[in-house]
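In what follows, a structure is listed as structure tokens, so that the remarks can point back to it.
Side chains are part of it too, since the values below use all heavy atoms of this structure and drop only hydrogens, waters and symmetry mates.
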Amino acid sequence: MDTEPSGDAIYIWYGQEASDLTNAEWRDELIARFDQQEYIKNWLIANGIESNLVSVDEDIYIDSGKVFYTEHKINAEGHKYVDPATDEVAQHNTWRVVTVPFGK
């Protein structure tokens, strides 16, 4: 992220790579993520965010009344834009004002 979260930031998703975890930890993490993923997706949509464009490989957190996340860039056809220089999906860090509180 371009901005550093304050000590009051609430992380709602950790974009942790599988290589950072043991097999058992990753299995437990996947189960936990599956359980919360649908709620987070609906919460993002309720806050005007296109959930299918939000990167699950990066952190999502709430700080100072805003939700911070990494969004995939899209091309004119509405598909994820692949940067020809890196051959990876281009992304940018962004935020939105929270209009629907998390966990309510």
For a quick test of reading the model, state the closest non-hydrogen atom pair linking Val98 to Ile62 and the distance between them.
CG2-CG2, 4.1 Å
Any side-chain heavy atom of Tyr61 sitting closer than 4.5 Å to one from Trp95?
no
Going by heavy atoms in the side chains, are Phe68 and Asp63 under 4.5 Å from each other?
yes
Restricting to side-chain contact (heavy atoms from CB on, under 4.5 Å), what partner residues turn up for Glu88, sequence neighbours left out?
Thr86
Would you please name every residue forming a side-chain hydrogen bond (donor to acceptor under 3.5 Å, both in side chains) with His92, sequence neighbours left out?
Glu71
Say whether, by atom type as modelled, one donor and one acceptor occur between the side chain of Asn75 and the main chain of His79 under 3.5 angstrom.
yes
Sub-3.5 Å donor-acceptor pair from the side chain of Tyr69 to the main-chain atoms of Arg96, do we have one?
no
Which donor-acceptor pairs under 3.5 Å do side chains of residues 40-56 form with protein atoms, sequence neighbours excluded?
{"from": "Asn42", "atom 1": "ND2", "to": "Glu38", "atom 2": "O", "distance (Å)": "3.2"}
{"from": "Trp43", "atom 1": "NE1", "to": "Val100", "atom 2": "O", "distance (Å)": "2.7"}
{"from": "Trp43", "atom 1": "NE1", "to": "Pro101", "atom 2": "O", "distance (Å)": "3.3"}
{"from": "Asn47", "atom 1": "OD1", "to": "Thr99", "atom 2": "N", "distance (Å)": "2.6"}
{"from": "Asn47", "atom 1": "OD1", "to": "Thr99", "atom 2": "OG1", "distance (Å)": "3.1"}
{"from": "Asn47", "atom 1": "OD1", "to": "Val100", "atom 2": "N", "distance (Å)": "2.9"}
{"from": "Asn47", "atom 1": "ND2", "to": "Trp43", "atom 2": "O", "distance (Å)": "3.0"}
{"from": "Asn47", "atom 1": "ND2", "to": "Val100", "atom 2": "O", "distance (Å)": "3.2"}
{"from": "Ser55", "atom 1": "OG", "to": "Asp57", "atom 2": "N", "distance (Å)": "3.1"}
{"from": "Ser55", "atom 1": "OG", "to": "Gln91", "atom 2": "OE1", "distance (Å)": "3.2"}

